[in-house]
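These numbers come from the heavy atoms of this one structure, side chains and all, not from hydrogens, waters or symmetry mates.
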Protein chains: 2
Amino acid sequence: MVRFSKKIEYSLIALRYISNAKDEIITAKEISGKYNIPYELLAKILQKLKKENILVSNQGVNGGYKLSKPLNEISLSELIDKIEGKSGIVECLHTDNLTECFIYDSCSIKDPINKMQLELENLLKNKMVSDFI
Amino acid sequence: MVRFSKKIEYSLIALRYISNAKDEIITAKEISGKYNIPYELLAKILQKLKKENILVSNQGVNGGYKLSKPLNEISLSELIDKIEGKSGIVECLHTDNLTECFIYDSCSIKDPINKMQLELENLLKNKMVSDFI
DNA sequence: TTAAAACTGGACTAATATAGTCGTATTTAA
DNA sequence: TTAAATACGACTATATTAGTCCAGTTTTAA
């Protein structure tokens with residue numbers, strides 16, 4: 001119920017590795033091999049991180065990835081939202097789905113759940129990816 | 001990635017409802033009807049809550065459920081553990097699976113993830129079910 | 001100029017977890 | 001003894017997550 005997906009796990013491992021390499025360019029293959037992470041999956045994740053401007057990439061031979069900014073500027077909250085898409089702790093707080101909720105009007109726990117959500121978000125916002133290194 | 005399951009949602013709704021009814025005995029059917037929650041599913045959840053000593057039940061005609069203790073004595077953390085079983089925010093923190101993790105020894109993010117987990121647990125421990133009423 | 005090493009991207013499949021259903025038994029009050 | 005309730009296990013369906021496959025494109029270096 002409160003569990004990081006593999007994507008987040010792999011992201012953290014990759015980001016840490018790339019960060020430690022300083023300005024060296026790192027390939028998906030290298031990380032995949034080092035940590036036994038399925039190559040295709042990791043590649044996808046790194047591509048996503050690039051698209052989200054957390055990494056920059058070079059294509060072609062000798063290509064690879066490096067950080068676009070230091071990891072203490074990226075919160076866990078931001079990483080999760082960018083990798084998995086923003087979402088609420090219950091379906092109905094994921095705004096799109098409001099209309100689909102049978103209970104909504106009579107829902108008794110909406111407000112406190114909302115507060116809970118904010119507290120969780122806060123915790124994740126104050127955790128920087130650099131804290132995981 | 002941080003989302004309450006329907007089971008937790010339904011639990012909260014049911015517990016709130018039962019709590020508001022004071023000492024009256026409440027049936028699964030009543031709650032199910034009121035909130036459009038699938039009867040069989042809700043029944044299972046209430047049975048589980050009973051087995052975990054959060055509710056007490058009477059069988060037979062005029063049977064139903066009531067609280068075994070006030071909701072400010074039950075933390076969200078406890079409710080989640082009892083409904084879904086205890087689990088870590090990543091697989092490897094769910095102790096049984098340690099042996100299956102390919103990365104484990106070389107895992108760079110284990111320790112900070114562990115700390116993160118403790119902080120999350122803490123947040124959930126300090127939230128009482130009564131806060132959701 | 002071409003081959004190899006890398007990223008890019010989409011569609012697909014597999015595995016797992018969550019949500020929901022069904023059938024049957026048991027209990028109990030009226 | 002019947003109807004209304006909980007109890008329980010097995011099953012199915014759906015959604016999410018994890019992982020695979022394949023066919024590109026880009027770039028460097030030989």
Start with the C-alpha distance between Lys51(B) and Lys82(B), add both sets of side-chain angles, then the distance that settles side chain to side chain contact (heavy atoms under 4.5 Å, CB included), and finish with yes or no. CA-CA 9 Å; Lys51(B) 212 185 282 178; Lys82(B) 285 186 168 173; over 6 Å; no
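- Among the nucleotides dT20(D), dG9(C), dA10(D), the one closest to any side-chain atom of Pro38(A) is dT20(D).
- Taking 4.5 Å as the limit, some side-chain heavy atom of Ile113(B) sits within range of a side-chain heavy atom of Leu12(A).
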Got a list of side-chain donor-acceptor pairs under 3.5 Å for residues 119-133 of chain A, not counting sequence neighbours?
{"from": "Glu119(A)", "atom 1": "OE2", "to": "Lys127(B)", "atom 2": "NZ", "distance (Å)": "2.8"}
{"from": "Glu121(A)", "atom 1": "OE2", "to": "Gln117(A)", "atom 2": "NE2", "distance (Å)": "3.0"}
{"from": "Asn126(A)", "atom 1": "ND2", "to": "Asn122(A)", "atom 2": "O", "distance (Å)": "3.0"}
{"from": "Lys127(A)", "atom 1": "NZ", "to": "Glu119(B)", "atom 2": "OE2", "distance (Å)": "2.8"}
{"from": "Asp131(A)", "atom 1": "OD2", "to": "Met128(A)", "atom 2": "N", "distance (Å)": "2.9"}

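- Contact between the side-chain N/O atoms of Lys50(B) and the OP1/OP2 oxygens of dA7(D) is found at a separation under 4.0 Å.
- Near DNA chain C, defined here as any heavy-atom distance below 4.0 Å, the residues from residues 19-28 of chain A are Thr27(A), Ala28(A), listed numerically.
- Contact annotation: the side chain of Leu15(A) approaches that of Leu49(A) to within less than 4.5 Å [non-hydrogen atoms, C-beta and beyond].
- Contact of the Lys66(B) side chain with the Ile26(B) side chain is not registered, since no non-hydrogen atoms from C-beta on lie closer than 4.5 Å.
- The side chain of Ser5(A) lies closest to dT17(D) when the candidates are dG9(C), dT17(D), dT21(C).
- Residue-environment remark: NZ (Lys69(B)) exceeds the threshold of 12 foreign heavy atoms within 6.0 Å.
- Judged by distance alone with a 3.5 Å cut-off, no donor-acceptor contact links the side chain of Lys29(B) to the base of dT6(D).
- Checking dG9(D), dT6(D), dC7(C) against the side-chain heavy atoms of Lys44(B) singles out dG9(D) as nearest.
- The shortest side-chain heavy-atom distance between Phe4(A) and Leu76(A) falls under the 4.5 Å cut-off.
- You'll find that the side chain of Tyr65(B) is closest to dT6(D), out of dT17(D), dT6(D), dA19(C).
- When each of dT6(D), dA19(C), dT8(C) is scored by its nearest atom to the side-chain atoms of Ser57(A), the top-ranked nucleotide is dT8(C).
- As judged by a 4.0 angstrom heavy-atom cut-off over every strand, Tyr39(B) is placed among the base-contacting residues.
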Give the B/S/- string for nucleotides 22-30 of chain D, one per nucleotide from 5' to 3', where a protein heavy atom under 4.0 Å of the base yields B, of only the sugar-phosphate yields S, and otherwise -. B--BBBBS-
